[in-house]
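Any value given below was found using the heavy atoms of this structure, including those in side chains, with hydrogens, waters and symmetry copies removed. The chain is numbered in sequence order, starting from 1. Keep in mind that this is a model prediction, so the values were computed, not measured.
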Amino acid sequence: MALSVTDEVIDLSLIEDREPTVGHMFRSRVAALPSTEAFRYPVGGDWESLTWTQTRDRAYALAAGLIELGVAAEERVALAASTRIEWVLADLAVMCAGAATTTIYPTTLAEGVSYIVADSGSRVIIAEDTDQLAKLLDHRESLGDVVKVILIDGTYEDEWVMTFAELEESGRARLEAEPGLVDSRIDATRAEHLATIIYTSGTTGLPKGVRLPHSAWTYEAASVAATGILSQSDLQFLWLPLAHVFGKVLLTLPLQMGFPTAVDGRVELIVENVGIIKPTFMGAAPRIFEKAYGKITTMMADEGGVKAKLFDWASTVGKEVSLIRGAGGEPGGLLAWKFKLADKLVLSKIRDRFGGRVRFFISGSAALNQDVAQWFDAMGLLIIEGYGLTETSAASVVNRPYPGQYKFGSVGWPLPGTEVKIAEDGEILLRGPGVTTGYHKLPDATAEALSPDGWLATGDIGQVDAQGFLTITDRKKDLFKTSGGKYVAPSRIESVFKGICPYASQLVIEGSGRKFVSALITLDPDAIIAWGAKNGMAGDSYSTIVTSQACRDMVQGYVDELNGQLDRWEQVKKFHILDHDLTVEEGDLTPSMKLKRKQVVTKYKDELDKFYVD
C-alpha cells in the first residue's frame, strides 16, 4: 500500500508489517545478511569489523551472561559508557535478553548516576572504566538492588564487580548448556514490553525517565526505511552519545536496513575519522556543523588575496546552484560552466575533507542556523534537519534529501504514521507509535504531557506551512516579554548569531521583564586562539584574548550585524564576553550540548544585572 504525501511516496507495508521487537529485528537482519559487515570499530590505530553473524554471537553470549546473573524480562540494565562497540553489543544483548536498557551519560556526576540507577530500578550496571565504577562505589548503599557491575575496561577486586570479558565468557558457557536460551527470550518479548528508559537531560530539576517500548524503536526504524532516504548500500559514521535518543535511534536504523556502521565516540577524532571512514551519511548536533563552518570560512578569510577571493566566488556560485537544485532544477548556460569550474577548484576539496562520499548529514537535538545549512549545501554537502524529543524516540519530523522535499530553516515533514498539530497557543503536539508510554514512576507528569487520546505536548512553539514543512520558533518556556510587553524568542536570535559570527560558541539572550535585551557571549576556543595569533596576541591565553578590547570590537561588529536583522525590541543593546566557554562539566550545557538557559542566567545574574543599573 502506498500513500502520497506532497511529492513523497511511502511504502506503508514496511511499517504495518514490521518486526515486533528490537530482538526480532536484529535476528532477522542476521539471517538476511549473515556474512555482511555490520559494525566497524577502532582497535589501536586500525579499524576492525564484525559481520552480522559475529555481532549476533557476541550479543547472544552477553545476553546469556545477563540471564545467568538473574536479569528477568523488562528488568533494567544500566549502561554508563561512551560511544564504542561494547555499548552497541551490550545494548543488543539487553534487547535479546528481553530486558530494558537504562542509558547514562559518562559525564553524569556521581549523584546523578546514583539517582538514575535507583530510580530506574536497574539490576546490573555496565560501566566503562574504573572512573565510572568509582561513582558507583561512592554511592553503593543508595543504588537499590544492583546485583553486579560489569567493567568494560580495567579490573577491580570485588565480588560485586566482574569484567565485560567475564560476562561474555559466562554467557558462552550457559549457551553451550542451553543453546536456545536467548532465542526463547526474544520469542517471549512483545512489542509493548519496555525496551529503554532514557532520562531527560534535565535543563531544570531532576531528570525524568522516559519509558520507550520495543514498538517505538521498531516504528522509528521502519518509518525511516519507508521514506527511502537510506539503504543497505549506505555507510554510517556514528559518534553521537548513545545515551542520547538521537544516537540510540541511529543505532536502531541499521537493524532495519542492513547498512554497516562505523562506531567511535571520541569527539576530538571526528574530522580525522570522517576522512578515514568516508561515510555516506552521519548524524550530528548543530554545534559540529557550526564549528566546521566557522573554521573553514575564517581559515579562508585569513588566507586573503587570490585564495580568499576564489573561495568567496566559488561559494557564491555554489549557493546559486543550491537554490536552483533545491527547487528541483539544474543550472544551465554560463552558470553551469562556472559551477563546474568552482566545483573543481574549491567545492570538491571541501567535500574531500568530509570523506568525499557524503550524500547528506542529519542534524538534530537543537536548532541549526539556516545560513550554515545553506553554506554546506553550496559546498555540495546537504544537511537535512529533523525534529523529535526523547519522548518521541527521537525522529518525528525530518526533511528528505530530495529536491522539493527539504526546506532550510524547517525541520521537514512528519514521518509516516506520526501526526502533528499546532495548539491554539502555538505549541506543537505530536501523536504516533514513537511516542512514550509515560514517565517512569511519575503518573502526574505523564498525565500533564500526554492527553487521553495520545497527543504529546512538546513544549515547543512552531508552525506548519502550506507545503507541510514544520518550523520550530522556540521553546515555550523560553519565550519572554520585555517590560515594554514585547515577546522575544531567544533561541531564534541565538541561532542567527551563530550563522553570522564564525567565532561564536554560545549566545545567551536575557531580557525577561527588562527594558531591553542583553546577552552573554562565549567564543570558540580553537577559533579565537587562531584569531588572536593573527591579531598581535600569539601565545596569549583564551581569557586574555576574549577580554581584550580588540576582541570586543570584533564581536561588536557581529552583534551590530545581528541587530540589523532583528526588530527593535529584540536587538542586543549590551553584552558581556565571558572569559571561559560554557561546558557540560560545569553544568552549563546538557550532555547533548543544549543550553541550560535558566542555570546559566542564574549563574551569571550579577553580570546581567549590571546592564540594567540606571
Side-chain angles (χ1 to χ4, degrees), residues 29 33 35-52 54-55 82-85 87-88 224-225 228-242 246-247 249-293 295-296 299 314 318 322 325 342-364 372-373 375-386 400-402 406:
R29 178 52 52 205
L33 299 171
S35 302
T36 303
E37 182 185 32
F39 295 100
R40 193 179 303 175
Y41 59 98
V43 178
D46 297 318
W47 287 79
E48 296 186 3
S49 293
L50 291 173
T51 66
W52 284 105
Q54 291 169 331
T55 305
S82 59
T83 296
R84 51 189 293 171
I85 191 62
W87 205 109
V88 175
V224 172
I229 66 175
L230 293 168
S231 72
Q232 190 179 313
S233 62
D234 278 303
L235 171 62
Q236 174 178 209
F237 173 34
L238 180 54
W239 62 270
L240 285 163
L242 294 175
F246 189 14
V249 80
L250 291 175
L251 180 59
T252 307
L253 297 183
L255 306 184
Q256 173 77 31
M257 284 165 268
F259 54 74
T261 297
V263 181
D264 186 358
R266 294 174 292 178
V267 176
E268 69 277 10
L269 294 180
I270 291 174
V271 174
E272 179 181 333
N273 280 339
V274 167
I276 295 170
I277 296 163
K278 303 184 187 305
T280 61
F281 85 100
M282 179 185 85
R287 187 68 194 121
I288 297 299
F289 301 120
E290 291 162 0
K291 283 178 70 72
Y293 164 75
K295 183 174 183 178
I296 293 171
M299 179 180 69
S322 163
R325 287 180 170 173
D343 193 65
K344 180 180 180 180
L345 296 177
V346 176
L347 309 184
S348 62
K349 292 178 173 57
I350 300 296
R351 292 197 299 276
D352 287 343
R353 288 173 173 261
F354 296 91
R357 298 201 316 140
V358 172
R359 292 198 300 115
F360 60 88
F361 294 116
I362 304 174
S363 179
V372 173
W375 180 86
F376 268 90
D377 195 47
M379 299 299 112
L381 295 164
L382 177 64
I383 302 175
I384 58 171
E385 193 171 2
R400 309 332 191 220
Y402 310 117
Y406 61 84

Spatial distance of atom CD1 (I362) from atom CZ (F246) [nearest 0.5 Å]: 6.0 Å
The single option from V88, T261, V263 passing side-chain contact (heavy atoms from CB on, under 4.5 Å) against L251: V88
Spacing of CG belonging to D377 relative to CZ belonging to R325, to within rounding of 0.5 Å: 9.0 Å
Backbone N/O of E290 and side chain of K295: donor-acceptor pair under 3.5 Å: no
Under-4.0 Å salt bridge between R351 and D343: yes
Derivation and outcome, side-chain contact (heavy atoms from CB on, under 4.5 Å), residues V224 and V249: CA-CA 10 Å; V224 172; V249 80; 6.0 Å; no
Sidechain-backbone polar pair: T83 side chain, L242 backbone, donor-acceptor under 3.5 Å: yes
Verdict with supporting geometry, F39 and W52, side-chain contact (heavy atoms from CB on, under 4.5 Å): CA-CA 8 Å; F39 295 100; W52 284 105; 4.2 Å; yes
Name of the residue among R359, R357, K278 meeting salt bridge (Lys or Arg N to Asp or Glu O under 4.0 Å) with D234: R359
Approximate separation, where rounding is to 0.5 Å, of S348 OG and M379 CE: 11.0 Å
Exam field: side chain Q236 to backbone L250, donor-acceptor pair closer than 3.5 Å: yes
All side-chain contact (heavy atoms from CB on, under 4.5 Å) counterparts of V358, not counting sequence neighbours: F354, F361, L381
Counterpart residues, side-chain contact (heavy atoms from CB on, under 4.5 Å), relative to P401 (two or more places apart): I229, F360, L382, I384
Non-neighbouring partners of Q256 that pass side-chain hydrogen bond (donor to acceptor under 3.5 Å, both in side chains), sequence neighbours left out: none
Stepwise side-chain contact (heavy atoms from CB on, under 4.5 Å) check, R266 with W239: CA-CA 7 Å; R266 294 174 292 178; W239 62 270; over 6 Å; no
Any donor-acceptor N/O pair, E272 side chain to L269 backbone, under 3.5 Å: no
